[in-house]
Amino acid sequence: MHPEVAELVRLMPPPAEGPDRKVDWARAEQVWGMAFPSDYKDFVDVYSKGSLVAESVGSFFGVVVPECSPEGEAVGSMREETEIAQENWDEGYGDKPEGLPSGADRVVSWGGDAAADLLCWLVTGPDPDTWPVAVYCRCWNEWSLHGAGMAGFLRKLVAGEFEELPLSLGSGEFDSVPTFIRDED
C-alpha cells in the first residue's frame with residue numbers, strides 16, 4: 001500500500017465493509033488511454049468512490065473513479081468532471097501558476113468539493129506517479145499545483161496541514177476528523 005494511503009487509513013479509517021465493486025484497473029486504463037497514479041489506485045481499492053464528511057461542514061469533498069461503459073467508453077462523474085476541468089484549463093478560467101512544465105496541457109479530474117472546486121492531475125509526462133495535483137479554486141479563480149500526489153493532498157487536508165487551504169472551504173479546520181462515506185452504486 002502506498003505510504004500516503006496507509007497514513008490516511010490511520011487518520012481516517014475506511015468504512016468497515018470493503019467496496020462492493022473494485023475498479024478493473026487494466027480496463028479503465030485501456031479505456032481512458034492512460035495509467036493512473038499508484039496512490040490513487042490504492043486509495044480507490046481501500047476507500048472506493050465517495051465523500052469526506054465532517055460534522056461542522058457536512059459532506060464537503062468527493063472522490064470519483066474511472067467508469068467504463070460495456071462499449072468501452074469513459075462514462076460517469078470522472079469523465080464529466082474532467083471535461084469541465086479541461087475546458088476551464090484550456091479556456092483560461094482562472095490564473096495558472098507560473099513555471100508550468102512544457103507540454104502540461106491535459107488535466108484529469110479525480111475529485112471536487114461542495115464549492116465546485118476541481119481537483120485534478122496535471123499530466124506532465126508518461127509517469128503518473130510524478131503528476132502534480134492541480135486545484136481550480138473557484139472562490140479565488142485560480143489554479144494551484146501541489147506535488148504530494150492525490151493521497152498526499154488528502155492526507156494534508158484531513159490532518160489540517162495546509163498553511164493556506166487551496167480550496168473554497170475557508171480555513172479547512174474541522175471540529176472532528178473527517179470520515180469517508182462510500183457512494184452507493
Side-chain angles (χ1 to χ4, degrees), residues 2 4-5 7-9 11-12 14-15 19 21-23 25 28-29 32 34-54 57-68 74-89 93-94 97 106-124 128-140 142-162 165-170 172 174 177-185:
H2 191 280
E4 292 284 14
V5 176
E7 184 61 13
L8 268 172
V9 167
L11 292 169
M12 181 182 68
R21 278 189 320 177
K22 294 279 190 177
V23 171
W25 290 111
E29 290 176 343
W32 280 77
M34 61 180 247
F36 288 92
S38 60
D39 65 328
Y40 172 74
K41 293 194 290 189
D42 285 352
F43 178 92
V44 169
D45 287 346
V46 171
Y47 289 93
S48 190
K49 69 177 177 176
S51 300
L52 278 75
V53 178
V57 293
S59 176
F60 68 92
F61 188 92
V63 175
V64 295
V65 299
E67 297 175 67
C68 309
V75 296
S77 297
M78 180 178 257
R79 183 190 61 81
E80 294 163 4
E81 293 296 314
T82 295
E83 288 175 357
I84 293 166
Q86 189 66 56
E87 180 180 331
N88 286 357
W89 184 264
Y93 294 111
R106 181 178 179 201
V107 290
V108 177
S109 180
W110 55 264
D113 68 15
D117 296 336
L118 301 168
L119 288 99
C120 310
W121 296 288
L122 177 61
V123 178
T124 55
D129 289 331
T130 64
W131 298 342
V133 169
V135 177
Y136 176 64
C137 179
R138 289 197 188 277
C139 75
W140 297 328
E142 70 181 18
W143 289 87
S144 59
L145 295 182
H146 306 272
M150 175 267 197
F153 183 91
L154 287 182
R155 182 197 50 76
K156 287 178 72 173
L157 179 66
V158 168
E161 293 178 4
F162 281 106
L165 189 66
L167 302 171
S168 300
L169 291 172
F174 309 111
V177 174
T179 57
F180 189 85
I181 306 296
R182 283 194 185 99
D183 286 351
E184 298 198 17
D185 291 323

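Any value given below was found using the heavy atoms of this structure, including those in side chains, with hydrogens, waters and symmetry copies removed. If you're wondering where the values come from, they're calculated on a predicted model, not measured in any experiment.
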My understanding is that only residues two or more places apart in sequence, or in another chain, count here; which of them pass side chain to side chain donor-acceptor pair (under 3.5 Å) with [X]?
| X | answer |
| --- | --- |
| E4 | R155 |
| D117 | S168 |
| R79 | E83 |
| S144 | H146 |

Could I get the full list of salt bridge (Lys or Arg N to Asp or Glu O under 4.0 Å) partners for [X], not counting sequence neighbours?
| X | result |
| --- | --- |
| E80 | none |
| E81 | none |
| E87 | none |

Checking H2 now: which residues fulfil ring pair (Phe, Tyr, Trp, His ring centres under 6.0 Å) with it, not counting sequence neighbours? none
Going by the rule ring pair (Phe, Tyr, Trp, His ring centres under 6.0 Å), which residues pair with Y40 if we only count those two or more places apart in sequence or in a different chain? W25, F36, W121
Just how far is it from atom [atom1] of [X] to atom [atom2] of [Y], taken to the nearest 0.5 Å?
| X | Y | atom1 | atom2 | value |
| --- | --- | --- | --- | --- |
| T82 | R106 | OG1 | CZ | 8.0 Å |
| I84 | S77 | CD1 | OG | 9.5 Å |
| K41 | D129 | NZ | CG | 8.0 Å |
| L11 | L157 | CG | CG | 11.0 Å |
| L118 | S109 | CG | OG | 6.0 Å |

Does a side-chain heavy-atom distance below 4.5 Å link [X] with [Y]?
| X | Y | value |
| --- | --- | --- |
| N88 | V107 | no |
| M150 | V44 | no |
| Y47 | P14 | yes |
| W110 | F43 | no |
| V135 | F153 | yes |

Please give me the minimum heavy-atom distance between [X] and [Y], naming the atom from each residue.
| X | Y | value |
| --- | --- | --- |
| A28 | V23 | CB-CG1, 4.1 Å |
| A85 | C120 | CB-SG, 3.5 Å |
| G111 | V64 | N-CG2, 4.0 Å |
| L119 | G112 | CD1-CA, 3.8 Å |
| L122 | W131 | O-CB, 3.4 Å |

I'd like to check the side-chain contact (heavy atoms from CB on, under 4.5 Å) partners of A35; sequence neighbours left out, ordered by chain and number. E29, P128
Could you check M78 against K49 for side-chain contact (heavy atoms from CB on, under 4.5 Å), going step by step and ending with a plain yes or no? CA-CA 10 Å; M78 180 178 257; K49 69 177 177 176; over 6 Å; no
Any donor-acceptor pair under 3.5 Å linking the side chain of D39 with the backbone of A151? yes
